[in-house]
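Notes follow the structure.
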Amino acid sequence: MTIAGSDSGGGAGIQADLRTFSFHCVHGTSVLTCITAQNTLGVTRVDAMSPEAVTAQFETVMVDMRVGAIKTGMLLNQEIVKTVAKKFVAFGLGNVVVDPVMVSRTGAQLLDDAAVKTMKDLLIPLAAIATPNRYEAQILAEMEIHTLADMQTAAQQIYKLGARSVLIKGGAMSGALKAVDVWFDGDRFEVLQTEAIDTQHTHGTGCTLSAAIAANLALGKPHFQAVQEAKNYVTEALKYGLAIGRGQGPVGHFYPLL
């Protein structure tokens, strides 16, 4: 299941998540939190779903289907964050991947401070795997991140919030750390590095990564293996980014066909 926003341009959010699920041969269900009007050039409008609508979508799926894993994306506001966290507790869900969509890769804050605090207090502690980018990790760990050692320290701090494991994404890092992610599960650190793909068509990479992790968890793979395979998938998809529209295109989710 993906709990996220709709991207009318098809590059990120629910649309990217469902394509990623399909690539991994798992059936995708969805809970829409908001509807965005956007294209490759940017977002022009956002309309939130009500907490009641979020609850209805979630419960209707859960009472009928076996959901092997869940990922969260854009939750938009404090009430939706609270609603989602409450439902995770009520249903006793374990395989939860929290992509804390709070700050874009360029550093623009996407949630207000109240929603950020609620995510930190209520949702991160429920995560089997939390996947913050550099800027989100800075907020969650309450520190600046510039070096690999900083990434490792931040991962430890976010782990202390209650997440069972943390993946800090290095897409917003510079220089040699550009394609480096840091994993921490309370026992060990792992540094994941793939080749840095030189492309402007990177829209939806964060959504795609967390969706791929969730798909791998649903297939029964251990947490770190799920992360490794998801990172490799995103790297390959970046090689085949789609040059559509006049701006930043999405990754090529079905790259074997391209």
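Keep in mind it's a predicted model, so treat the numbers as computed, not measured. For this chain, numbers begin at 1 and follow the sequence in order.
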Is any side-chain heavy atom of [Y] closer than 4.5 Å to one of [X]?
{"X": "Gln225", "Y": "Asn216", "value": "no"}
{"X": "Phe91", "Y": "Glu59", "value": "yes"}
{"X": "His223", "Y": "Asn95", "value": "yes"}
{"X": "Arg19", "Y": "Phe254", "value": "yes"}
{"X": "Val101", "Y": "Leu111", "value": "no"}
{"X": "Ser210", "Y": "Thr20", "value": "no"}
{"X": "Asn133", "Y": "Glu136", "value": "yes"}
{"X": "Glu229", "Y": "His24", "value": "no"}

Between [X] and [Y], is there a donor-acceptor pair closer than 3.5 Å when you use the side chain of the first and the backbone of the second?
{"X": "Asp99", "Y": "Thr72", "result": "no"}
{"X": "Lys169", "Y": "Thr131", "result": "yes"}
{"X": "Thr2", "Y": "Ile14", "result": "no"}
{"X": "Thr36", "Y": "Ser6", "result": "yes"}
{"X": "Lys178", "Y": "Gly171", "result": "yes"}
{"X": "Gln157", "Y": "Glu142", "result": "no"}
{"X": "Glu236", "Y": "Tyr233", "result": "no"}
{"X": "Ser8", "Y": "Gln38", "result": "yes"}
{"X": "Gln15", "Y": "Gly11", "result": "no"}

### Message
Is there a side-chain contact (heavy atoms from CB on, under 4.5 Å) between Lys86 and Val89? Walk through the geometry before answering.
### Response
CA-CA 5 Å; Lys86 180 179 179 181; Val89 171; 6.0 Å; no

### Task
For Phe224, enumerate each residue passing the ring-ring contact (aromatic ring centres under 6.0 Å, His included) test, keeping only those at least two apart in sequence or located in another chain.
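Per chain and number, Phe224 pairs via ring-ring contact (aromatic ring centres under 6.0 Å, His included) with Trp183.
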
Minimum-distance pair of heavy atoms, taken over all atoms of [X] and [Y]:
{"X": "Ile80", "Y": "Thr33", "answer": "CD1-O, 3.5 Å"}
{"X": "Ala130", "Y": "Ile124", "answer": "CB-CD1, 4.4 Å"}
{"X": "Ala226", "Y": "Ile213", "answer": "CB-O, 3.9 Å"}
{"X": "Gly247", "Y": "His201", "answer": "O-CE1, 3.8 Å"}
{"X": "Val182", "Y": "Ala155", "answer": "CG1-CB, 4.4 Å"}
{"X": "Phe23", "Y": "His253", "answer": "CD1-O, 3.3 Å"}

### Query
Among Leu161, Thr118, Val98, which one satisfies side chain to side chain contact (heavy atoms under 4.5 Å, CB included) with Leu123?
Val98

Would a single hydrophobic cluster contain both [Y] and [X], if residues Ile, Leu, Val, Met, Phe, Trp and Tyr are joined by side-chain heavy-atom contacts under 4.5 Å?
{"X": "Ile70", "Y": "Ile129", "result": "no"}
{"X": "Leu177", "Y": "Leu167", "result": "no"}
{"X": "Leu122", "Y": "Val84", "result": "no"}
{"X": "Leu217", "Y": "Val67", "result": "no"}
{"X": "Val97", "Y": "Val61", "result": "no"}

### Query
Please walk me through it: do Val180 and Met173 pass side-chain contact (heavy atoms from CB on, under 4.5 Å)?
CA-CA 8 Å; Val180 174; Met173 299 296 286; over 6 Å; no

### Task
Could you go through the side-chain hydrogen bond (donor to acceptor under 3.5 Å, both in side chains) check for Thr40 and His203 one step at a time?
CA-CA 8 Å; Thr40 63; His203 187 48; over 6 Å; no

### Message
Between Phe21 and Lys71, does the side-chain contact (heavy atoms from CB on, under 4.5 Å) criterion hold? Intermediate values first, please.
### Response
CA-CA 11 Å; Phe21 292 163; Lys71 67 142 290 186; 4.3 Å; yes

#### Entry: All pairs passing side chain to side chain donor-acceptor pair (under 3.5 Å) where residues 187-197 contributes a residue, at least two apart
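For residues 187-197, and leaving out neighbouring residues, the side chain to side chain donor-acceptor pair (under 3.5 Å) pairs sorted by first residue read Asp185-Arg188, Arg188-Glu190, Thr194-Thr235, Glu195-Lys239.
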
Could you state the interatomic distance from [atom1] ([X]) to [atom2] ([Y]), rounded to the nearest 0.5 Å?
{"X": "Gln228", "Y": "Lys221", "atom1": "CD", "atom2": "NZ", "value": "11.0 Å"}
{"X": "Ile145", "Y": "Ile168", "atom1": "CD1", "atom2": "CD1", "value": "5.0 Å"}
{"X": "Thr83", "Y": "Gln78", "atom1": "OG1", "atom2": "CD", "value": "10.0 Å"}

### Query
Does the side-chain hydrogen bond (donor to acceptor under 3.5 Å, both in side chains) test come out yes or no for Thr147 and Asp150, once each step is laid out?
CA-CA 5 Å; Thr147 66; Asp150 291 341; 3.3 Å; yes

### Task
Tell me, with the steps shown, if Leu93 and Met62 meet side-chain contact (heavy atoms from CB on, under 4.5 Å).
CA-CA 11 Å; Leu93 299 172; Met62 292 298 298; 3.6 Å; yes

